[in-house]
Amino acid sequence: MAVTKVVEIPYTLEIPVGPQHPALHEPLLLKVYADGEEVVKVEVYTGYNHRGIEKLAEKNSFYRNIFIVGRVCGICNNVHANCYVRALEQILGIEPNNRAKYLRVLAMELERIHSHMLINAVMAEMIGFESLFMNIMLDRERIMKAKEILTGNRVVGDYMMVGGVRRDINDEKRDKLIKILDKTEERIKYYKNVFMEDDTILKRLVDVGILTKTDVVKYAIIGPPARASGVKIDARASDKYDAYGEIPFNVITRKEGDVWARMILRWDEALESINMCKYILEKLPSDGNPVPDEKRLPRRFPPCEAFTRVEAPRGELTYYVMSDGKPMPYRVKIRTPSVNNILNTAHVYLGHTIADIPVILASWDPCISCMERVTVLDLITGERKRIHLKELARRREKWVNPRYSI
Amino acid sequence: MSYKEALNKLVEEGLLNVFGEIKPNRKVYSFDWSKIRELFTKLIDLVGVEGFYVSTIIGTDLINDGTIRLDYYVVFLPEEETVVFRTFLPRESPEIDSLVDIVPGVLAGECEAYDLLGIVFKGNPALKRGFFVPKDVYEKGIYPLRKDAKV
Amino acid sequence: MGKPKILDLILRNLFSKPATIEYPKKETVIEPDARGRHYADLNKCIGCSLCSIECPADAIKMTPIPSEYEPPKRNPRKIFPVINYLRCVYCYRCISVCPTNAYVSTNEYRLATTKTVFSDMLSLSTLPKKSG
């Protein structure tokens, strides 16, 4: 009998990365299918951190929600609260004074600096550069101190309130903040230099995880990953919320679109943020008390819808708040940048080695608690038609040791 | 073609109707849910693939009207102007065509709307329960963000 | 391969003092107005329950003042807020909504303890005990 069929056994391995994994610090499962070292398919599984905040927000009053949404994410809590508070201000028709607007921007920019420093530090750790990680985290602590001076707490600021902010700063605090910013600026310049010139970093990051301009728009990638691919998306520049219309700043874009470009872009943005903070502290307007009397704020919310955008450290964050005249919001919808950036980028991993997976994932600045959502399969072209071992194992049980199919 | 011209053209063709405004200054257009694919294919023809992205999909359960409202928040580039495309689905069988093959960026939003509100996006192979709803909730067939769901 | 850029810094750090604050031996320097443990001053509290309603974490329960304490006249319902520090998120919403500014705020951040989890003893210590 002639041979009619040749069965080729592909070396495809299925590797679960996460939800608890030494390389990933957050609860996310990446199912990686690899052919030897080469990644052929990635599936993103989430749902390990869902807390049902949107439903919770429907069960709490408008004002209590300010503090609940501030706890969606630990890193960008002021940005979340600001976005929600501005939605409430749109519903109520309240406008805070200029000093309050400047102070809000100050709090959010401090957050951006420390968030960008954090993810750069995590990236250094991902590529095995522990000493750089430690040093960046040490300098990040200064910014945390600055946040403590401004808002009263290192991490969760609870700084935003309808009609203004919750505490003012005086000259003494201002001088302290300027001192901290001067010191940090010097350090950030140094670290940027390290990222630009260090061989270890360049070898691991350059030309890894390239994202083209078309893909960025098609897959709705936002924030630093989009700007690193040359797409100029920045809600600060387009919506000009709070005081962003008055404070001069540049929207930084890069052309390369690889992991390295995203990290350098974050350093550049951190420097830009430091300049903005200094500008705010020097030119802080004094047109009245920025702290509203929380006892006198309106209790009744008219039926209305508001949709606000804010540029979080990770990208465009949107809040939709719908009021139907009752004391609780009818619907609150939070769309965080991590949703798009993690879930829609499964195709970027293809063709890279397994060691590059944590690097590429870290370059999105993933925040699972922000995302608290969805699962995705990669449906995109370029995926080679292969049978993976699991399937093969099912067909030819004797051939394959089930030990290798996880 | 600028996005304003494109929107005007779509309104002329009857695919979009001016609906109102969401604060602050987000224009709302309503459309017929059965024509969603036609709408977005035309939109790509008019402004190009790099001309817009779907920022988010927001479903709201309007239990008193017996409908589920579905909003597509489209951000037009390079102006970064947010425009809302709104449609209403019957609450008993909320079904709409999936956009995942023409606008891949909606994947996250569609999966989320299915898992939390039970809106079926026909043609999206990635839909499944338990994206982020815990097992004990979805096994009972509960869609948590529906107003009559008790969780 | 060139010399790692960060080598100078690493060598310098090798011979310098550790940056970590040795916490139990040395106090962490904290701002005087940082948000720490807070409790109600019962001489000012009128028992209106507003803080309990507004608390986003449901950490405040209104409790009757025990009989061995002299309840102030301005508190007709004789109730006072007890904060559960394990639930509290230190947002200070209670402090800012209080109509009589009855809350005492401190920057006490060392909250790990085997004793006080509720604020009742701190609050009641502001009241005089009934004589006899």
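Source: prediction; values computed, not measured. Chain A is the first sequence line, chain B the second, and so forth, proteins listed ahead of strands; every chain is numbered from 1.
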Geometric cation-pi criterion, A:Lys41 with A:Tyr33: 6.0 Å, 45°: yes
For A:Phe307 and B:Pro24, the nearest pair of non-hydrogen atoms, with its separation, is O-CD, 3.2 Å
Portion of B:Tyr73 that has a non-hydrogen atom of chain A nearer than 4.5 angstrom: side chain
B:Glu79 versus chain A, the contacting section by heavy-atom distance below 4.5 Å: backbone
In terms of heavy-atom proximity below 4.5 Å to chain A, should B:Arg69 be classed as side chain, backbone, both, or neither? side chain
Quick one, B:Asp148 with B:Arg91, criterion salt bridge (Lys or Arg N to Asp or Glu O under 4.0 Å). Give me CA distance, side-chain angles, the key distance, then yes/no. CA-CA 12 Å; B:Asp148 51 0; B:Arg91 199 164 175 277; 3.2 Å; yes
Does any backbone or side-chain atom of B:Val84 lie under 4.5 Å from a heavy atom of chain A? Answer side chain, backbone, both or neither. neither
Can you say whether A:Val231 sits under 4.5 Å from chain B via the side chain, the backbone, both, or neither, judging by heavy atoms? side chain
With a 4.5 angstrom heavy-atom cut-off, could you sort out which part of B:Leu77 is near chain A: side chain, backbone, both or neither? side chain
Closest approach of B:Ile102 and B:Ile44, non-hydrogen atoms and distance? O-CD1, 3.8 Å
Which residues pass the ring-ring contact (aromatic ring centres under 6.0 Å, His included) test with B:Phe88, not counting sequence neighbours? none
B:Asp61 versus chain A, heavy atoms under 4.5 Å apart: side chain, backbone, both or neither? backbone
Classify the angle between the aromatic ring planes of B:Phe85 and B:Phe31 as parallel (below 30°), tilted (30 to 60°) or perpendicular (above 60°). perpendicular
What pair of heavy atoms forms the shortest contact from A:Glu316 to B:Ser55, and how long is it? OE1-OG, 3.3 Å
Top contributor to chain B interface from A:Ile233, A:Asp324, A:Thr308 [non-hydrogen pairs under 4.5 Å]: A:Ile233
Which atoms of A:Ile91 come close to chain B, meaning under 4.5 Å heavy atom to heavy atom: side chain ones, backbone ones, both, or neither? backbone
With a 4.5 angstrom heavy-atom cut-off, which part of A:Lys218 approaches chain B: side chain, backbone, both or neither? both
With a 4.5 angstrom heavy-atom cut-off, could you sort out which part of B:Val54 is near chain A: side chain, backbone, both or neither? backbone
Contact origin within B:Leu62 toward chain A - heavy atom pairs under 4.5 Å: both
Within the side chain of A:Asp242, is there an N or O that forms a donor-acceptor pair under 3.5 Å with the backbone of A:Val105? no
Interface residue of largest heavy-atom contact number with chain B, from A:Ala87, A:Ala306, A:Ala237, A:Ala235, under 4.5 Å: A:Ala306
For A:Arg309, is it the side chain, the backbone, both or neither that has a heavy atom under 4.5 Å from a heavy atom of chain B? both
Got a salt bridge between B:Glu13 and B:Lys35, using NZ or NE/NH1/NH2 to carboxylate O under 4.0 Å? no
Which portion of A:Thr318 sits near chain B, non-hydrogen atoms under 4.5 angstrom: side chain
B:Ser34: which residues meet the side chain to side chain donor-acceptor pair (under 3.5 Å) condition with it, sequence neighbours left out? B:Asp32
